[in-house]
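One structure below.
Note that the structure is a prediction, hence the values are computed from the model and not measured. Order of the sequence lines sets the chain letters (A, B, ...), proteins ahead of strands, with each chain counted from 1.
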There are 2 protein chains.
Amino acid sequence: MNRPQRKNNPDAVRARLIECAARLIVDDGLSALTLENVAREAAVSKGGLLHHYHGKNALIDGLFEEVVDWFDSQVENALEPEETAPARFSKAYLRVVAAIDMSVPEERRLAVLMLMLSSDPHYCARWNQWVEARLQRHAKTDLSPFARTLRLAADGLWLSDLGGGPDSSPSARREILAFLEDIDATGAMLANSPHEGGQ
Amino acid sequence: MNRPQRKNNPDAVRARLIECAARLIVDDGLSALTLENVAREAAVSKGGLLHHYHGKNALIDGLFEEVVDWFDSQVENALEPEETAPARFSKAYLRVVAAIDMSVPEERRLAVLMLMLSSDPHYCARWNQWVEARLQRHAKTDLSPFARTLRLAADGLWLSDLGGGPDSSPSARREILAFLEDIDATGAMLANSPHEGGQ
DNA sequence: GCTAAAAAACCGTCCAGACGGTATGTACTG
DNA sequence: CAGTACATACCGTCTGGACGGTTTTTTAGC
């Protein structure tokens with residue numbers, strides 16, 4: 001995968017740049033995401049950064065795609081085998097979000113996504129594209145109110161995680177998950193309503 | 001309360017500054033919140049702005065408090081009369097969020113809150129303080145998993161509103177609300193679990 | 001009630017620093 | 001040698017904020 005014949009392989013530098021950008025955003029807020037800060041954190045000069053990413057937008061775009069791809073693969077892995085399971089996609093969605101441990105740097109990436117989503121309409125639109133594409137693929141299972149509610153709760157959890165809200169503690173999180181599973185078990189009102197997508 | 005004997009009462013100017021700052025953030029993004037822009041929108045010079053708010057932080061702080069106070073009063077008004085109703089606070093919380101109409105300028109304020117929350121850890125902490133204070137006040141009714149889930153879903157709805165996600169359409173929203181109410185009606189698993197607050 | 005002093009409200013300008021981005025130079029690799 | 005991967009130095013712009021001046025309102029003395 002990597003090319004150890006190079007002393008400093010540029011892929012690693014790129015990855016480090018993305019990683020540091022993510023860390024900066026999560027820990028110090030969006031305003032801390034400056035080229036200089038990222039470069040310093042990644043132990044690279046600003047010129048070096050701009051060699052890999054032609055401008056700040058390119059860096060952010062790279063970060064965005066990185067995170068979305070990561071989340072996408074995570075959800076894909078969390079999907080149940082039965083393809084007709086109700087709320088199959090939304091459950092996986094929730095599971096991935098709920099499993100995030102903010103103390104693990106790798107998993108803070110999602111917080112980055114949240115930040116970017118709420119700060120820039122452009123990324124918001126791109127995210128919505130992803131969600132709607134997935135929703136379309138799982139239209140048979142994930143348009144029910146229950147599925148929607150699951151995703152909404154996941155988003156709330158996600159947001160709560162970001163700020164360390166009172167519902168992000170492990171115990172509170174466990175309770176919520178258990179509650180949602182109980183509802184699922186009762187099996188009430190899981191019928192897919194024929195609600196047209198989009199707004 | 002106000003002093004109408006003044007021709008241009010400064011309270012009105014301050015309110016206008018806050019209002020314009022909010023509008024700028026929501027419509028044009030966080031980066032558009034500059035002293036000059038705010039001053040121009042409010043038909044006040046930059047010096048005038050700095051006379052009322054000693055620095056940008058003071059302005060943002062004022063905005064933050066304004067919005068939190070507004071949300072607080074909205075939730076207070078949405079509270080059911082019966083003080084022992086399960087998830088009393090969380091239901092009001094959800095009701096207020098769900099009732100927000102983003103086309104009404106007044107109600108876009110909440111979007112401001114979201115923006116600030118996600119951009120600055122400091123405001124995140126202050127928001128958590130508010131939530132925890134309210135949670136403590138309503139500890140008897142709003143620590144159940146159901147209540148937590150309600151607030152989480154509200155947050156998700158809130159976020160979805162901001163970005164115009166696929167779950168922010170009126171019909172989808174109605175479905176979700178109805179679903180949540182059905183769960184409430186079944187009355188299952190509403191017992192307050194003795195979960196210690198905080199993290 | 002009149003007036004002068006004080007305070008508050010407000011304006012326009014200027015400046016230091018930060019930030020994104022460019023241009024140029026250099027070392028390493030193949 | 002050519003191209004990649006960086007580093008260094010620098011530039012133009014924007015922004016926050018300081019500062020001094022001007023108008024309006026309030027207060028105080030008489």
Side-chain angles (χ1 to χ4, degrees), chain A residues 1-25 27-64 112 115-116 119-120 122-123, chain B residues 1-25 27-64 112 115-116 119-120 122-123:
Chain A
M1 205 59 71
N2 41 3
R3 277 157 282 168
Q5 63 266 30
R6 256 190 192 276
K7 213 166 57 177
N8 276 347
N9 84 329
D11 290 346
V13 175
R14 256 188 288 267
R16 224 168 53 223
L17 285 168
I18 292 287
E19 180 63 38
C20 291
R23 212 190 54 71
L24 272 172
I25 290 187
D27 292 347
D28 304 339
L30 271 168
S31 58
L33 188 75
T34 68
L35 294 184
E36 280 175 356
N37 281 352
V38 174
R40 182 165 25 78
E41 289 278 319
V44 172
S45 72
K46 204 166 73 168
L49 194 168
L50 284 162
H51 169 71
H52 291 291
Y53 296 98
H54 299 324
K56 195 177 185 180
N57 277 341
L59 176 68
I60 298 180
D61 270 15
L63 176 55
F64 182 79
V112 176
L115 267 300
M116 297 173 72
S119 66
D120 194 331
H122 173 242
Y123 293 110
Chain B
M1 202 62 70
N2 41 359
R3 280 155 282 169
Q5 62 265 33
R6 255 187 192 277
K7 209 168 58 179
N8 277 346
N9 78 333
D11 290 347
V13 175
R14 256 188 289 267
R16 225 170 50 224
L17 286 168
I18 292 288
E19 181 64 36
C20 292
R23 215 189 53 72
L24 273 171
I25 289 187
D27 292 348
D28 304 339
L30 271 168
S31 58
L33 188 74
T34 68
L35 295 184
E36 278 177 358
N37 281 353
V38 174
R40 182 165 27 77
E41 290 278 319
V44 172
S45 74
K46 206 163 75 166
L49 195 166
L50 283 162
H51 169 73
H52 290 291
Y53 295 98
H54 300 323
K56 195 177 187 182
N57 278 340
L59 176 67
I60 298 179
D61 271 17
L63 175 55
F64 181 79
V112 176
L115 266 300
M116 297 173 72
S119 66
D120 196 330
H122 173 241
Y123 293 110

Item to check | Closest non-hydrogen atom pair between A:Val112 and A:Ile25, with its separation | outcome: CG1-CD1, 4.2 Å

Checklist entry - What closest approach, in Å, do B:Leu63 and B:Ile18 show between heavy atoms, and which atom pair accounts for it? => result N-CD1, 3.4 Å

Atom [atom1] of [X] to atom [atom2] of [N]: distance rounded to whole Å?
X: A:Asp11; N: D:dC6; atom1: CG; atom2: P; value: 10 Å
X: A:Leu49; N: D:dA5; atom1: CG; atom2: C1'; value: 13 Å
X: A:Tyr53; N: C:dC19; atom1: OH; atom2: P; value: 21 Å
X: A:Asn9; N: C:dG30; atom1: CG; atom2: C1'; value: 16 Å
X: B:Glu36; N: D:dG17; atom1: CD; atom2: C1'; value: 11 Å
X: A:Leu59; N: C:dC19; atom1: CG; atom2: P; value: 15 Å
X: A:His54; N: C:dA23; atom1: NE2; atom2: C1'; value: 15 Å
X: B:Arg16; N: C:dC10; atom1: CZ; atom2: C1'; value: 12 Å

Next on the checklist: At 4.0 Å (heavy atoms only), tell me whether A:Gly47 reaches a base, stays on the sugar-phosphate, or touches nothing.
Outcome noted: base

Nearest to the side chain of [X], which nucleotide is it out of [options]?
X: A:His51; options: C:dG12, D:dA7, D:dA5; answer: D:dA5
X: A:Leu35; options: D:dT8, D:dT15, C:dG20; answer: C:dG20
X: B:Lys56; options: C:dG21, D:dA7, D:dG17; answer: D:dG17
X: A:Thr34; options: D:dA18, C:dC19, C:dC10; answer: C:dC19
X: B:Val13; options: D:dT15, C:dC10, D:dT4; answer: C:dC10
X: A:Leu50; options: C:dG21, D:dT8, C:dC11; answer: C:dG21

Checklist entry - Is there side-chain contact between B:Leu33 and B:Asn37, with at least one heavy-atom pair below 4.5 Å? => result no

Next on the checklist: With hydrogens left out and only the distance checked, is there a donor-acceptor pair under 3.5 Å joining B:Lys46's side chain and the base of D:dG16?
Outcome noted: yes

Next on the checklist: Does D:dC6 have its OP1 or OP2 closer than 4.0 Å to a side-chain nitrogen or oxygen of A:His52?
Outcome noted: yes

Item to check | Step-by-step side chain to side chain contact (heavy atoms under 4.5 Å, CB included) determination, A:Tyr123 to A:Asp61 | outcome: CA-CA 9 Å; A:Tyr123 293 110; A:Asp61 270 15; 2.5 Å; yes

Checklist entry - In Å, rounded to the nearest 0.5 Å, how long is the span from CG of B:Asp120 to CG of B:Leu115? => result 12.0 Å

